[in-house]
Amino acid sequence: MKTSIHTRQAPAAIGPYSQAVEQNGMVFCSGQIALDPASGTVVEGGIEFETRRALQNLGEVLAAAGLDFIDVVKTTIFMIDLSEFEIVNRVYGEHFEPPYPARSTVQVAALPRKARIEIDAIALKRD
């Protein structure tokens with residue numbers, strides 16, 4: 001059975017989707033941008049601040065599912081400018097430890113709310 005995951009500690013969905021969905025021990029987290037949950041606006045300060053906020057939001061969604069970054073098996077990073085990848089990679093590395101999840105990173109033309117980065121994840125519940 002599919003179960004929706006929701007937390008007020010991360011931004012509310014800005015469309016018809018769940019922050020995450022759990023089914024058969026797998027948790028599929030929707031992409032998180034750098035929205036401040038309280039104000040609903042994208043944080044200022046550039047790609048480093050946006051990456052930190054997006055990962056903080058993702059961490060809150062994982063926590064609502066009873067998980068942490070160690071449980072993540074796959075992420076996708078969407079960026080509007082791959083020239084900022086070195087900064088993103090450094091901040092990302094502060095949140096994950098070996099064995100690192102599989103990851104894809106792609107450059108896109110635009111993201112919701114004019115964000116510079118969006119990160120989604122798939123995690124597995126441990127037995």
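All values derive from a computational prediction rather than experimental measurement.
Using a 4.5 Å heavy-atom cutoff, the side chains of Thr105 and Phe78 are not in contact. The shortest side-chain heavy-atom distance between Ile122 and Val72 does not fall under the 4.5 Å cut-off. With contacts defined as side-chain heavy-atom distances shorter than 4.5 Å, the pair Leu62/Asp68 does not qualify. Contact annotation: the side chain of Lys2 approaches that of Gln23 to within less than 4.5 Å [non-hydrogen atoms, C-beta and beyond]. In this structure, the side chains of Val88 and Ile47 come closer than 4.5 Å at one or more pairs of heavy atoms. Taking the side chain as every heavy atom from C-beta outward, Ile70 and Glu97 approach each other to under 4.5 Å. The shortest side-chain heavy-atom distance between Lys125 and Glu22 falls under the 4.5 Å cut-off. Considering only heavy atoms from C-beta on, Ile33 comes within 4.5 Å of Arg113 through its side chain.
When every heavy atom of Asp81 is checked against every heavy atom of Arg116, the shortest pair comes out as CB-NH2, 3.9 Å. Taking each heavy atom of Gln19 and Ile5 in turn, the nearest pair found is CB-O, 3.6 Å. Contact detail for Lys74 and Ser104: the closest heavy-atom pair is NZ-OG, 3.0 Å. Closest approach of Pro37 to Ala10, counting heavy atoms only: CB-C, 3.9 Å. Among all heavy-atom pairs drawn from Leu35 and Gly40, the shortest one is CD2-O, 3.4 Å. Nearest heavy atoms, Leu58 versus Cys29: CD1-CB, 3.7 Å.
More than 12 heavy atoms of other residues, nucleotides or ligands shown are found within 6.0 angstrom of CZ on Phe96.
Using modelled atom types, no side-chain atom of Gln32 and backbone atom of Glu60 make a donor-acceptor pair closer than 3.5 Å. Side-chain atoms of Ser30 come within 3.5 Å of backbone N or O of Ser18 as a donor-acceptor pair.
Summarising the geometry, atom CG belonging to Leu55 is positioned 5.0 Å from atom NE2 belonging to His95; distances are rounded to the nearest 0.5 Å. The distance from atom CD1 of Ile87 to atom CE of Met79, rounded to the nearest 0.5 Å, is 8.0 Å. In this structure, Gln107 CD and Ile77 CD1 are separated by 13.0 Å, a value rounded to the nearest 0.5 Å. The distance from atom CD of Glu94 to atom CG of Asn89, rounded to the nearest 0.5 Å, is 10.5 Å. Interatomic distance, Glu118 CD to Ile80 CD1, rounded to the nearest 0.5 Å: 12.0 Å. The OH atom of Tyr100 lies 9.5 Å from the OH atom of Tyr92; values are rounded to the nearest 0.5 Å.
Phe49 and Ile117 are not part of a single hydrophobic cluster, where members link through side-chain heavy atoms under 4.5 Å apart. In the hydrophobic clustering of this structure, Val73 does not group with Phe69; members are Ile, Leu, Val, Met, Phe, Trp, Tyr whose side-chain heavy atoms approach within less than 4.5 Å, directly or through other members. Residue Leu111 is grouped with residue Val106 when hydrophobic side chains (ILVMFWY) are merged at heavy-atom distances under 4.5 angstrom, including chains of intermediate members. In terms of hydrophobic clustering, with Ile, Leu, Val, Met, Phe, Trp and Tyr side chains grouped at heavy-atom distances under 4.5 Å, Leu82 and Val91 are assigned to a common cluster.
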- prompt: Can you check side chain to side chain donor-acceptor pair (under 3.5 Å) on Thr76 and Asp120, steps first, answer last?
  reply: CA-CA 5 Å; Thr76 307; Asp120 70 17; 3.3 Å; yes
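Judged purely by distance below 3.5 Å, without hydrogens or angles, the side chains of Arg52 and Asn57 never pair a donor atom with an acceptor atom.
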